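These figures come from a predicted structure and were not determined experimentally.
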Amino acid sequence: MKEQEHFVKKCEKTIRQLYAECVENAPNLGVQFECFCASLSKSLKKYLLAGRNDVPTKEEADKFLASIKKDDLFLALGCANGNERAWWEFDQHHR
(Lines give C-alpha, C1' and ligand atoms only; values in the text may rest on other atoms or scores of the structure.)
Protein backbone atom coordinates (compact mmCIF):
# COMPACT_ATOMS: atom_id res chain seq x y z
CA MET A 1 0.00 0.00 0.00
CA LYS A 2 2.85 2.37 0.79
CA GLU A 3 4.30 1.78 -2.70
CA GLN A 4 0.96 2.84 -4.21
CA GLU A 5 0.91 6.07 -2.20
CA HIS A 6 4.48 6.79 -3.24
CA PHE A 7 3.58 6.08 -6.87
CA VAL A 8 0.60 8.47 -6.76
CA LYS A 9 2.85 11.13 -5.19
CA LYS A 10 5.27 10.73 -8.11
CA CYS A 11 2.39 11.55 -10.48
CA GLU A 12 1.64 14.86 -8.75
CA LYS A 13 3.62 16.95 -11.24
CA THR A 14 1.56 15.59 -14.14
CA ILE A 15 -1.64 16.08 -12.16
CA ARG A 16 -0.66 19.70 -11.41
CA GLN A 17 -0.08 20.28 -15.12
CA LEU A 18 -3.51 18.84 -15.99
CA TYR A 19 -5.09 21.00 -13.27
CA ALA A 20 -3.40 24.13 -14.61
CA GLU A 21 -4.76 23.39 -18.08
CA CYS A 22 -8.26 22.93 -16.68
CA VAL A 23 -8.10 26.18 -14.71
CA GLU A 24 -6.91 27.96 -17.84
CA ASN A 25 -9.82 26.52 -19.85
CA ALA A 26 -12.48 27.07 -17.18
CA PRO A 27 -11.27 29.37 -14.40
CA ASN A 28 -14.67 29.94 -12.79
CA LEU A 29 -15.67 26.40 -11.82
CA GLY A 30 -14.31 26.62 -8.28
CA VAL A 31 -12.47 23.29 -8.29
CA GLN A 32 -9.56 23.22 -5.85
CA PHE A 33 -6.38 21.31 -6.67
CA GLU A 34 -6.84 18.99 -3.69
CA CYS A 35 -10.24 17.86 -5.00
CA PHE A 36 -8.91 17.34 -8.54
CA CYS A 37 -5.85 15.49 -7.25
CA ALA A 38 -7.94 13.25 -4.98
CA SER A 39 -10.18 12.27 -7.88
CA LEU A 40 -7.27 11.40 -10.16
CA SER A 41 -5.48 9.58 -7.34
CA LYS A 42 -8.52 7.36 -6.83
CA SER A 43 -8.63 6.68 -10.57
CA LEU A 44 -4.95 5.76 -10.63
CA LYS A 45 -5.41 3.37 -7.73
CA LYS A 46 -8.55 1.78 -9.17
CA TYR A 47 -7.58 1.43 -12.81
CA LEU A 48 -3.80 1.41 -12.95
CA LEU A 49 -2.64 -0.04 -9.65
CA ALA A 50 -5.39 -2.50 -8.71
CA GLY A 51 -4.49 -6.14 -8.98
CA ARG A 52 -0.84 -5.55 -9.85
CA ASN A 53 2.13 -6.95 -8.04
CA ASP A 54 4.46 -4.36 -9.54
CA VAL A 55 4.35 -0.58 -9.67
CA PRO A 56 3.56 0.91 -13.08
CA THR A 57 6.13 3.04 -14.83
CA LYS A 58 5.88 6.81 -14.96
CA GLU A 59 5.20 6.48 -18.70
CA GLU A 60 2.22 4.19 -18.01
CA ALA A 61 0.87 6.69 -15.50
CA ASP A 62 1.34 9.63 -17.87
CA LYS A 63 -0.41 7.72 -20.66
CA PHE A 64 -3.30 6.86 -18.35
CA LEU A 65 -3.62 10.43 -17.07
CA ALA A 66 -3.49 11.79 -20.63
CA SER A 67 -6.43 9.54 -21.53
CA ILE A 68 -8.64 11.16 -18.88
CA LYS A 69 -11.14 13.66 -20.25
CA LYS A 70 -9.80 16.22 -17.82
CA ASP A 71 -12.13 19.08 -18.76
CA ASP A 72 -15.20 16.87 -18.27
CA LEU A 73 -13.84 15.71 -14.93
CA PHE A 74 -13.20 19.33 -13.94
CA LEU A 75 -16.78 20.26 -14.86
CA ALA A 76 -18.20 17.26 -12.99
CA LEU A 77 -16.22 18.16 -9.88
CA GLY A 78 -17.44 21.75 -10.09
CA CYS A 79 -21.03 20.53 -10.35
CA ALA A 80 -20.54 18.08 -7.48
CA ASN A 81 -19.26 20.97 -5.36
CA GLY A 82 -22.36 23.01 -6.18
CA ASN A 83 -20.65 25.69 -8.28
CA GLU A 84 -23.31 27.69 -10.16
CA ARG A 85 -21.04 28.43 -13.11
CA ALA A 86 -20.28 24.72 -13.47
CA TRP A 87 -23.99 23.92 -13.49
CA TRP A 88 -24.60 26.63 -16.08
CA GLU A 89 -21.83 25.18 -18.29
CA PHE A 90 -23.26 21.70 -17.88
CA ASP A 91 -26.74 22.88 -18.77
CA GLN A 92 -25.51 24.75 -21.87
CA HIS A 93 -23.36 21.94 -23.27
CA HIS A 94 -24.84 18.67 -22.08
CA ARG A 95 -28.55 19.06 -21.84
Is the side chain of [X] donor-acceptor paired with the backbone N or O of [Y] at a distance under 3.5 Å, no angle test?
X: Ser41; Y: Cys37; result: yes
X: Asp91; Y: Trp87; result: no
X: His93; Y: Glu89; result: yes
X: Asn25; Y: Glu21; result: yes
X: Asn28; Y: Arg85; result: no

Of all heavy-atom pairs between [X] and [Y], which one has the smallest distance, and what is that distance?
X: Gly78; Y: Val31; result: N-CG2, 3.5 Å
X: Ala61; Y: Phe7; result: CB-CZ, 3.4 Å
X: Cys79; Y: Phe90; result: SG-CB, 3.9 Å

Do [X] and [Y] come within less than 4.5 Å of each other through their side chains, counting heavy atoms only?
X: Phe64; Y: Pro56; value: no
X: Leu44; Y: Leu65; value: yes
X: Leu40; Y: Leu73; value: yes
X: Lys58; Y: Thr14; value: yes
X: Leu18; Y: Phe74; value: no

Near Glu24 CD, under 6.0 Å, is it more than 12 heavy atoms from other residues, nucleotides or ligands?
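Check fails, neighbour count at 12 or below.
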Other residues, nucleotides, ligands: >12 heavy atoms within 6.0 Å of Phe33 CZ
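Result for CZ/Phe33: enclosed.
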Supply the atom-to-atom distance [X] [atom1] to [Y] [atom2], rounded to the nearest 0.5 angstrom.
X: Gln32; Y: Asn81; atom1: CD; atom2: CG; value: 8.5 Å
X: Asp62; Y: Cys11; atom1: CG; atom2: SG; value: 7.0 Å
X: Ile15; Y: Cys22; atom1: CD1; atom2: SG; value: 11.5 Å
X: Lys10; Y: Thr57; atom1: NZ; atom2: OG1; value: 9.0 Å

When the ring planes of Tyr19 and Phe36 are compared, do they come out parallel, tilted or perpendicular, using 30° and 60° as the limits?
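Answer is tilted, since the angle falls between 30° and 60°.
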Tyr47 and Val8: same hydrophobic cluster, using ILVMFWY side-chain contacts below 4.5 Å?
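In one cluster: yes.
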Can you list the steps and then say if His94 with Leu75 is a side chain to side chain contact (heavy atoms under 4.5 Å, CB included)?
CA-CA 11 Å; His94 300 286; Leu75 178 61; 3.8 Å; yes
Salt bridge Glu12-Arg16, side-chain N to carboxylate O under 4.0 Å
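Result for this pair is yes, salt bridge flagged.
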Mind checking what makes side-chain contact (heavy atoms from CB on, under 4.5 Å) contact with Lys42, not counting sequence neighbours?
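Here no residue qualifies.
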